Amino acid sequence: MRIATWNVNSLNVRLPRVEEWIGYAHPDVLCLQETKLADTAFPGFAFEALGYQSVHHGGGRWNGVAILSRMPISDVVYGFCEGLEADPDARLVSATCGGVRVSSVYVPNGRSLGSEHYAYKLSWLDRLRRHLEATADARTPVAVCGDFNVAPEDRDVWNPARFVGSTHVSEPERAALAHLQAWGLEDAFRLRHQEDRLYTYWDYRAGDFHQHRGMRIDLVLVSRPMAEKVTYALVDRFARKGKLPSDHAPLLVDFED
DNA sequence: ATGGTCGAGTATCGA
């Protein structure tokens with residue numbers, strides 16, 4: 001099974017690139033973030049034509065997440081499960097695809113340390129853990145895929161010194177991500193790659209992509225039984241090049257059947 | 001010179 005995740009930064013603009021990418025990457029499951037679409041505007045028929053069922057959670061303008069699957073989708077949950085404080089933003093959708101409990105997540109950016117947006121980001125990550133605790137079934141493997149807006153370690157940013165005092169690298173954000181992983185999730189990409197200078201996001205500004213100034217903030221986190229089956233992982237930098245690219249590249253991970 | 005670009009929508013704001 002091939003599972004992929006991609007922050008597309010407007011699916012309206014990116015649909016041709018997403019269709020092109022599906023055409024050569026052939027993911028079995030593709031999680032999308034920042035569709036920036038209302039549910040009524042989601043191009044589900046375009047994906048159906050490519051052989052995918054899909055589910056979308058969006059409010060238009062900002063945020064918006066989706067899951068595409070070649071296998072039937074079931075048990076869809078929009079946002080956090082019952083019992084948790086509802087999220088005003090559309091940042092999470094979960095569904096079972098081919099026997100895997102998949103979540104597409106778009107963690108809040110945080111904007112600046114100490115801001116209310118930063119506090120929202122930390123509480124959001126805590127709620128995501130409680131969502132997993134409340135909804136997971138011990139027999140079903142879990143894959144939490146998306147834009148976490150946290151670089152797990154210093155080797156995941158192009159210049160740690162430049163990020164001191166910034167979001168994405170602060171100790172509380174990394175602790176919140178580590179707490180989420182402590183529930184029982186492995187960083188699938190790191191199981192196959194230990195090198196630094198491997199990123200998933202590059203700012204559009206200042207030629208950052210061509211200067212290799214990026215961050216690894218998009219992750220596929222998987223539970224133990226899936227972690228043992230990872231055979232291959234890749235950030236497709238080709239998809240960050242060319243005409244009208246997203247500022248994120250897709251991350252794909254392969255699992256043995 | 002401490003910016004630089006996108007995408008939302010149409011003035012700025014968010015990333």
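A note on names: the letters A, B, ... follow the listed sequences, proteins ahead of strands, and every chain is numbered from 1. This one's a predicted model, so the numbers in the text were calculated from it and none came from an experiment.
Between A/Arg192 and A/Asp254 there is no salt bridge, since no side-chain nitrogen of the basic residue lies less than 4.0 Å from a carboxylate oxygen of the acidic one. Note on A/Asp196 versus A/Arg155: no salt bridge recorded, every NZ/NE/NH1/NH2 to OD/OE distance being 4.0 Å or above.
Here the OG-NE2 distance, from A/Ser94 to A/His57, works out to 9.5 Å after rounding to the nearest 0.5 Å.
Contact record, A/Pro160 with A/Asp154: CG-O, 3.6 Å, taken as the closest heavy-atom pair.
Between B/dA1 and B/dT12, the two P atoms lie 27 Å apart (nearest whole Å). Rounded to whole Å, the separation between the P atoms of B/dG14 and B/dG9 comes to 15 Å. Distance noted for atom C1' between B/dG7 and B/dA11: 14 Å (whole Å).
Between A/Gln211 atom CD and B/dT5 atom C1' the separation is 15 Å, expressed in whole Å. Protein atom OH of A/Tyr106 is 13 Å distant from nucleotide atom P of B/dA8, rounded to whole Å. The CG atom of A/Asp203 sits 8 Å away from the C1' atom of B/dA15 (whole-angstrom rounding). Distance, A/Arg91 CZ to B/dA15 P: 7 Å, rounded to whole Å. Atom C1' of nucleotide B/dG7 and atom CG of A/Leu11 are separated by 13 Å, given to the nearest angstrom. Summarising the geometry, the separation between CG on A/Asp247 and P on B/dT5 is reported as 14 Å, rounded to the nearest angstrom. The distance between atom CZ of A/Arg205 and atom P of B/dG3, rounded to the nearest whole Å, is 10 Å. Atom P of nucleotide B/dT5 and atom NE2 of A/His248 are separated by 18 Å, given to the nearest angstrom.
In summary, the side chains of A/Tyr199 and A/Asp208 do not present any donor paired with an acceptor at a separation below 3.5 Å, with no hydrogens or angles considered.
With B/dG7, B/dT5, B/dG9 as the candidates, the nucleotide lying closest to the side chain of A/Arg61 is B/dG9. Taking only side-chain atoms of A/Tyr204, from C-beta outward, the nucleotide of B/dA15, B/dA8, B/dC6 with the closest atom is B/dC6. The A/Ala206 side chain lies nearest to B/dG4 when the options are B/dA8, B/dG4, B/dA15.
If A/Asn149 and A/Arg162 are placed on DNA chain B by their nearest nucleotide, the residue sitting closer to the 5' end is A/Arg162. Between A/Gly110 and A/Gly207, it is A/Gly207 whose nearest contact on DNA chain B lies nearer the 5' terminus.
Note on A/Arg111: a side-chain N or O is less than 4.0 Å away from OP1 or OP2 of B/dA15.
Counting non-hydrogen atoms under 4.0 angstrom, A/Arg14 reaches the backbone sugars and phosphates but no base.
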